[in-house]
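Along the sequence shown, the residues carry numbers beginning at 1.
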Amino acid sequence: MQTILVVDDEPLIRWAIREVLEDAGYAVVEAGTARDALAQIKSAAPFAVALLDLRLPDCDDLTLLRGVRRDAPDTRIVMMTAHGTPELMAEAIRAGAFSTVIKPFELSRVVGLVRAAGAAA
């Protein structure tokens, strides 16, 4: 069973994503801040995929993506945002994201992205 890290400062979004991913057979770990996410990356079992919100209370750019790439280079990253521009999303891909998704999104789309990213791991 692959483990997925879901990082978003909105508890309802984390809950919804966790529910749909657990129903799809994944184990899910949540974090509400960049600091918590990096602590999970360093202390928990390896994550197949990390879903990272672009804007968090303690981070609002691609710094978290770069930290995850540094600390867990085998983890595939999907960036989530409601505030992204096409240029920023392209920059996320260049910085190592597997894919990006714009909020609001269909939860089934997230499951599909996680499956694709997990298969690429």
Tell me every residue that passes side-chain contact (heavy atoms from CB on, under 4.5 Å) with I93, counting only those two or more places apart in sequence or in another chain. A97, T100

Who passes side-chain contact (heavy atoms from CB on, under 4.5 Å) against V20, sequence neighbours left out? L107, V111

What salt bridge (charged side-chain N to carboxylate O under 4.0 Å, His left out) pairs are there with at least one residue in [range], not counting sequence neighbours?
range: residues 97-117; result: D8-K103, D53-K103
range: residues 29-41; result: R14-E30, R18-E30
range: residues 85-97; result: R66-E91

Identify, with sequence neighbours excluded, every residue that meets side-chain hydrogen bond (donor to acceptor under 3.5 Å, both in side chains) alongside D58. none

Minimum-distance pair of heavy atoms, taken over all atoms of T3 and P46: CB-O, 4.2 Å

Minimal non-hydrogen separation, P57 against G32, with atom names: CD-O, 3.9 Å

Roughly how far, to the nearest 0.5 Å, is the CG atom of L51 from the CZ atom of F98? 11.5 Å

Remaining members of hydrophobic cluster (4.5 Å side-chain criterion), V29: L5, V7, L38, I41, F47, L52, L54, L56, L62, L64, L65, V68, I77, M79, L88, M89, I102

Other ILVMFWY residues reachable from W15 by side-chain steps of under 4.5 Å: L12

Indicate yes or no for a side-chain donor-acceptor contact from R55 to the backbone of H83 under 3.5 Å, with no hydrogens or angles considered. no

V49 and V78, any side-chain heavy atoms less than 4.5 Å apart: yes

Just so I know, are the side chains of I17 and M80 near enough to count as touching, which here means a heavy-atom distance under 4.5 Å? yes

